Amino acid sequence: MSDERRTPSGLPIAEVYGPGSAARMTEQPGAFPFTRGIHPSMYRGRLWTMRQYAGFGTAVETNRRFRELLDAGQTGLSVAFDLPTQMGYDSDDDAAVGEVGRAGVAVDTVDDLAVVFDGIPLDKVSTSMTINATASILLAMYVVVAEERGIERAQLRGTVQNDVLKEYVARGTYIFPVEPSLRLVTDVFRFVAESQMSFNPISISGYHMREAGATAVQEIGFTFANALEYLDRAVAVGLEIEDIAPRVSFFFAAHNDLFEEVAKFRAARRLWARLMRERYRASDRSCHLRFHTQTGGSTLTAQQPFNNVVRVTVQALAAILGGTQSLHTNSYDEALSLPSADAARLALRTQQILAHESGPAQTVDPLGGSHYVESLTDGLEAEARALLDEIDDMGGAARAIETGFLQDAIARSAYEYQRSLERGEVLVVGVNEYTEDESPPALVEPDYTALAGEQIVRVAEARSLRTAGAHAAALQALAQAASGPGSLMPVMVEAVRARATVGEISDTLRHSWGTFRPAA
């Protein structure tokens with residue numbers, strides 16, 4: 001009887017590993033190709049940033065949650081925006097009905113964002129914003145919020161996700177066609193560099209593709225294909241690799257297979273360094289793979305939700321053993337509703353216990369040298385590079401997305417996983433094994449109708465208070481810039497300053513560029 005075993009990505013697992021199972025490990029942390037870490041001392045010198053993702057309905061409620069998390073010891077902020085904000089609709093738009101404040105905070109004007117960060121020192125706290133199609137608008141708002149408090153651009157630290165290519169693949173919160181969307185991305189690159197901001201102008205995300213069903217191999221390969229597309233576009237418009245690459249960051253998922261996930265992070269770090277050296281002759285600093293990790297939302301179960309505490313702990317440990325620079329741990333109740341305050345605090349405490357009580361921060365790359373982990377690292381790198389070569393042969397990520405290659409590959413992986421789950425080949429505790437008769441948990445949700453009503457009143461008031469002439473002139477300047485070759489960010493900042501809304505700015509660009517229509 002065959003006892004063949006494989007990782008979730010399909011790599012074969014031997015019964016025993018020993019010398020000769022993988023390439024001999026002679027690499028040191030902080031040295032090219034950075035398999036063991038981008039810094040020589042890693043967490044012995046500085047712990048990862050504990051950055052919990054949050055955004056709740058109104059700006060006031062989000063600000064309250066941020067303050068609670070900072071008081072509890074969180075070391076960075078991460079903002080979740082609602083779907084209308086992500087897709088360029090104001091809260092009073094017909095397209096926003098039923099979605100205002102549900103998936104995150106509703107932000108219509110720069111004054112909403114100012115409330116989100118009320119009382120929070122933007123020159124001292126690093127902020128990550130999970131926003132893509134409207135990333136340039138929200139970054140412009142963040143800059144204006146800071147400047148109106150007397151904080152210069154160069155003092156701002158953080159990350160704007162700004163990874164629109166994966167929206168076409170996995171999430172769907174795109175607005176514009178591919179080419180003008182890529183133009184916005186490179187505009188943000190240029191703006192951040194010229195403003196001398198300590199800001200990452202993009203966080204290239206494998207997380208959402210993994211959540212949609214991609215394997216660990218696909219997560220690496222597809223993420224890097226998108227990253228290379230962005231860098232090639234930046235170089236094509238005259239930006240220097242050494243000015244861009246050190247500020248490019250990544251965003252990965254951590255799922256349940258502890259050893260494959262650790263190996264994934266190590267393989268990704270090594271492969272990215274080699275790609276940067278081969279393609280751009282990049283310096284060591286530009287070869288660093290710096291990444292944020294979030295535990296796997298799709299792995300959380302509504303059944304027996306307290307089991308998710310264990311899942312999140314294992315996933316967080318994988319990210320730490322793999323050398324992440326920043327980490328978000330999901331709350332155990334996220335399969336049911338927005339995280340409760342108690343669950344969010346426990347998720348943060350999980351990171352703190354791992355950091356201070358469990359030991360992986362005491363030495364660099366604790367699993368380095370494990371015959372099993374080294375073998376998995378080699379295998380994942382080889383498979384991901386083969387996938388990248390295939391995408392290169394198609395003409396790059398943008399072309400592969402237009403043909404549906406990435407989307408189809410992820411859909412097949414998701415289908416195969418679901419079939420394996422239904423056949424019982426994949427065991428999920430509490431779902432298809434060790435099940436119990438359960439009563440549905442009581443959920444306490446906000447009154448979203450009332451919340452939306454409050455936000456609609458707020459955006460109407462904002463429109464009534466602005467100077468009509470300055471507002472109209474700013475949007476006209478934006479329309480002219482969109483039709484020409486120049487940078488959009490400076491005129492977008494002025495539109496934000498004139499209190500143009502997210503929807504008005506997006507509509508101006510929609511009128512100039514149209515919208516993306518997926519291939520049938």
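Model, not experiment: these values are computed from the prediction. The first residue of the sequence shown is numbered 1, and numbering continues consecutively from there.
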Visitor: Whether R463 and D90 form a salt bridge (side-chain N of Lys/Arg under 4.0 Å from carboxylate O of Asp/Glu) is what I want to check.
Guide: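 Yes.
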Visitor: Suppose the criterion is salt bridge (charged side-chain N to carboxylate O under 4.0 Å, His left out): which pairs have a residue in residues 68-85, not counting sequence neighbours?
Guide: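 For residues 68-85, and leaving out neighbouring residues, the salt bridge (charged side-chain N to carboxylate O under 4.0 Å, His left out) pairs sorted by first residue read R65-E68.
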Visitor: Closest heavy-atom contact between N432 and G424?
Guide: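 Taking N432 first and G424 second, the nearest heavy atoms are ND2-CA, 4.2 Å.
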Visitor: Can you check whether D163's main-chain N or O pairs, donor with acceptor, with K166's side chain at less than 3.5 Å?
Guide: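 Yes; judged by distance alone, with no hydrogens or angles, the pair exists.
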Visitor: Please check if the distance between the ring centroids of F252 and H292 is under 6.0 Å.
Guide: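 For F252 and H292, the ring centres are not under 6.0 Å apart.
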Visitor: Would you say the side chain of R51 lies within less than 4.5 Å of the side chain of L327, judging by non-hydrogen atoms?
Guide: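 Contact flag for L327/R51 side chains = no.
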Visitor: Do side-chain atoms of Q455 reach the backbone of V100 as a donor and acceptor pair under 3.5 angstrom?
Guide: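 Absent.
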Visitor: Return the set of residues passing salt bridge (charged side-chain N to carboxylate O under 4.0 Å, His left out) with E167 (not counting sequence neighbours), or none when no residue passes.
Guide: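 Salt bridge (charged side-chain N to carboxylate O under 4.0 Å, His left out) check on E167 returns R171.
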Visitor: If we ignore angles and hydrogens, is there a donor and acceptor under 3.5 Å between the side chains of N132 and Q86?
Guide: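 Short answer, no.
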Visitor: Can you name the closest pair of heavy atoms from A140 and V493 and give their distance?
Guide: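 That would be CB-CG2, 3.9 Å.
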Visitor: Between Y230 and L182, is the side-chain contact (heavy atoms from CB on, under 4.5 Å) condition met? List the steps.
Guide: CA-CA 7 Å; Y230 292 130; L182 287 170; 3.5 Å; yes
Visitor: A side-chain contact here means heavy atoms from C-beta on lying under 4.5 Å apart; do T293 and F265 qualify?
Guide: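 Yes, their side chains come closer than 4.5 Å.
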Visitor: Is a side-chain N or O of Q218 found less than 3.5 angstrom from the main chain of T215, in a donor-acceptor match?
Guide: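 A pair under 3.5 Å: yes.
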Visitor: Quick one: does NZ or CZ of R102 land under 6.0 Å from the six-membered ring centre of Y448, within 45 degrees of the ring axis?
Guide: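 Output yes; distance and angle both within limits.
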Visitor: Verify side-chain contact (heavy atoms from CB on, under 4.5 Å) between T49 and S126, making sure each step is shown before the conclusion.
Guide: CA-CA 9 Å; T49 299; S126 171; 5.9 Å; no
Visitor: Applying side chain to side chain contact (heavy atoms under 4.5 Å, CB included) between F222 and each of V169, I401, L387, report the one that passes.
Guide: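 So the option named by the test is L387.
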Visitor: Restricting to salt bridge (charged side-chain N to carboxylate O under 4.0 Å, His left out), what partner residues turn up for R499, sequence neighbours left out?
Guide: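 Result, salt bridge (charged side-chain N to carboxylate O under 4.0 Å, His left out) vs R499: D111, E148.
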Visitor: Mind running side chain to side chain donor-acceptor pair (under 3.5 Å) on S91 and D108 for me, showing each step along the way?
Guide: CA-CA 7 Å; S91 296; D108 293 307; 2.8 Å; yes
Visitor: Looking only at atom types and distance, does a side-chain atom of T324 sit under 3.5 Å from a main-chain N or O of I320, one as donor and one as acceptor?
Guide: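 No.
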Visitor: What do the steps show when you test E229 against N226 for side chain to side chain donor-acceptor pair (under 3.5 Å), and what is the final call?
Guide: CA-CA 5 Å; E229 185 78 51; N226 289 345; over 6 Å; no
Visitor: Does the side chain of L300 come within less than 4.5 Å of V312's, by heavy atoms?
Guide: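 Yes, side chains in contact.
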Visitor: Could you check whether E454 and T58, counting side-chain N and O atoms only, form a donor-acceptor pair closer than 3.5 Å?
Guide: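 No - no donor-acceptor pair under 3.5 Å links their side chains.
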Visitor: Looking at D187 and L488, would you say the former's side chain and the latter's main chain have a donor-acceptor pair under 3.5 Å?
Guide: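 Yes; at least one donor-acceptor contact below 3.5 Å.
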Visitor: Evaluate side chain to side chain donor-acceptor pair (under 3.5 Å) for S9 paired with E260, printing each intermediate quantity in order.
Guide: CA-CA 8 Å; S9 287; E260 182 174 64; 3.3 Å; yes
Visitor: Do you know the tightest heavy-atom contact between T223 and G206?
Guide: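 Minimum heavy-atom separation between T223 and G206: OG1-CA, 2.9 Å.
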Visitor: Which of these passes side chain to side chain contact (heavy atoms under 4.5 Å, CB included) with M141: L138, V143, L139, V144?
Guide: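 Single pass found, and it is L138.
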Visitor: Do V188 and I202 come close enough that some side-chain heavy atom pair is under 4.5 Å?
Guide: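 No, every pair of side-chain atoms sits at 4.5 Å or beyond.
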Visitor: Would you compute the distance between atom CD1 of I220 and atom CE of M209 and round it to the nearest 0.5 angstrom?
Guide: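 So the gap between those two atoms works out to 11.0 Å.
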Visitor: Given the side-chain rings of Y168 and F516, with only the six-membered ring counted for Trp, is the space between their centroids under 6.0 Å?
Guide: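 Centroid distance Y168-F516: below 6.0 Å, so yes.
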Visitor: State which residue, out of R290, R157, Q161, fulfils the side chain to side chain donor-acceptor pair (under 3.5 Å) condition with N200.
Guide: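 Result for side chain to side chain donor-acceptor pair (under 3.5 Å) with N200: R290.
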Visitor: Can T377 and R266 be said to form a side chain to side chain donor-acceptor pair (under 3.5 Å), step by step?
Guide: CA-CA 6 Å; T377 301; R266 300 174 83 254; 3.0 Å; yes
Visitor: Provide the closest heavy-atom pair for Q325 versus L289 in the form atom of the first, atom of the second, distance.
Guide: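 That closest heavy-atom pairing would be OE1-O, 3.6 Å.
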Visitor: If we only count heavy atoms from C-beta on, is the M492 to L184 side-chain gap below 4.5 Å?
Guide: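 When only atoms from C-beta onward are counted, L184 and M492 do touch, with a gap below 4.5 Å.
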Visitor: So, the side chain of T62 versus the backbone of V116: is there a donor-acceptor pair under 3.5 Å, distance only?
Guide: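 Between the backbone of V116 and the side chain of T62 there is no qualifying donor-acceptor contact (under 3.5 Å).
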Visitor: Whether R466 and E461 form a salt bridge (side-chain N of Lys/Arg under 4.0 Å from carboxylate O of Asp/Glu) is what I want to check.
Guide: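 Salt bridge: no.
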Visitor: Determine the sole option in L122, I120, L69 for which the side chain to side chain contact (heavy atoms under 4.5 Å, CB included) test with L77 is passed.
Guide: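 Considering L122, I120, L69, a side chain to side chain contact (heavy atoms under 4.5 Å, CB included) with L77 is found only for I120.
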Visitor: May I ask you to decide whether R458 forms a salt bridge with D112, counting only side-chain N to carboxylate O separations under 4.0 Å?
Guide: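 Looking at D112 together with R458, the answer is yes, because their closest N to O distance falls below 4.0 Å.
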Visitor: For the side chain of R67 and the backbone of D118, is there at least one donor-acceptor N/O pair under 3.5 Å apart?
Guide: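 Such a contact is found between R67 side chain and D118 backbone.
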Visitor: Once salt bridge (charged side-chain N to carboxylate O under 4.0 Å, His left out) is applied, do any residues pair with D333, and if so which ones, sequence neighbours excluded?
Guide: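 Partners of D333 under the salt bridge (charged side-chain N to carboxylate O under 4.0 Å, His left out) test: none.
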Visitor: Does the ring centre of F291 sit less than 6.0 Å away from the ring centre of F251?
Guide: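 That pair fails the under 6.0 Å test.
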Visitor: Taking C-beta and beyond as the side chain, do H255 and E211 meet within less than 4.5 Å on heavy atoms?
Guide: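 In short, these two side chains touch, coming nearer than 4.5 Å.
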Visitor: Considering only heavy atoms from C-beta outward, does the side chain of R46 approach that of H39 to under 4.5 Å?
Guide: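 No - every pair of side-chain heavy atoms lies 4.5 Å or more apart.
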Visitor: Could E61 and R64 be called an ion pair, given the rule that one side-chain N must be under 4.0 Å from one carboxylate O?
Guide: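 Salt bridge flag = yes for R64 with E61.
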Visitor: Show the numbers, then the answer: is there a side-chain contact (heavy atoms from CB on, under 4.5 Å) between M42 and W48?
Guide: CA-CA 9 Å; M42 288 301 288; W48 63 92; over 6 Å; no
Visitor: Please check if the side chain of T501 supplies one atom and the backbone of T109 the other of a donor-acceptor pair under 3.5 Å.
Guide: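 Judged by distance alone, no pair lies under 3.5 Å.
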Visitor: Not counting sequence neighbours, list each pair that qualifies as a ring-ring contact (aromatic ring centres under 6.0 Å, His included) and has a residue in residues 79-127.
Guide: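 Residue pairs with at least one partner in residues 79-127: F117-Y142.
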Visitor: Please determine whether salt bridge (Lys or Arg N to Asp or Glu O under 4.0 Å) holds for the pair R210 and E261, giving the CA-CA distance in whole Å, both sets of side-chain angles, and the decisive distance to 0.1 Å.
Guide: CA-CA 12 Å; R210 186 68 182 278; E261 293 300 296; 3.1 Å; yes
Visitor: With a 3.5 Å distance limit and no angle check, can you tell me whether D408 reaches the backbone of F405 through a side-chain donor-acceptor pair?
Guide: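 Side chain of D408 to backbone of F405: no pair is present.
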Visitor: Grab the two heavy atoms, one from A384 and one from V217, that are nearest each other, plus how far apart they are.
Guide: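 Nearest pair, atom of A384 first, then V217: N-CG1, 3.8 Å.
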Visitor: Could you check whether R311 and T301, counting side-chain N and O atoms only, form a donor-acceptor pair closer than 3.5 Å?
Guide: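 Per modelled atom types, T301 and R311 side chains form a pair under 3.5 Å.
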Visitor: Not counting sequence neighbours, which residues clear salt bridge (charged side-chain N to carboxylate O under 4.0 Å, His left out) with E425? List them please.
Guide: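 E425 satisfies salt bridge (charged side-chain N to carboxylate O under 4.0 Å, His left out) with R423 only.
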Visitor: Answer yes or no: is there a side-chain heavy-atom contact under 4.5 Å between F259 and L367?
Guide: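 Answer yes - side chains close enough.
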Visitor: To check you understand the geometry: which heavy-atom pair defines the closest contact between Y43 and G323, and what is its length?
Guide: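 Between these two residues, the closest heavy atoms are OH-C, 3.2 Å.
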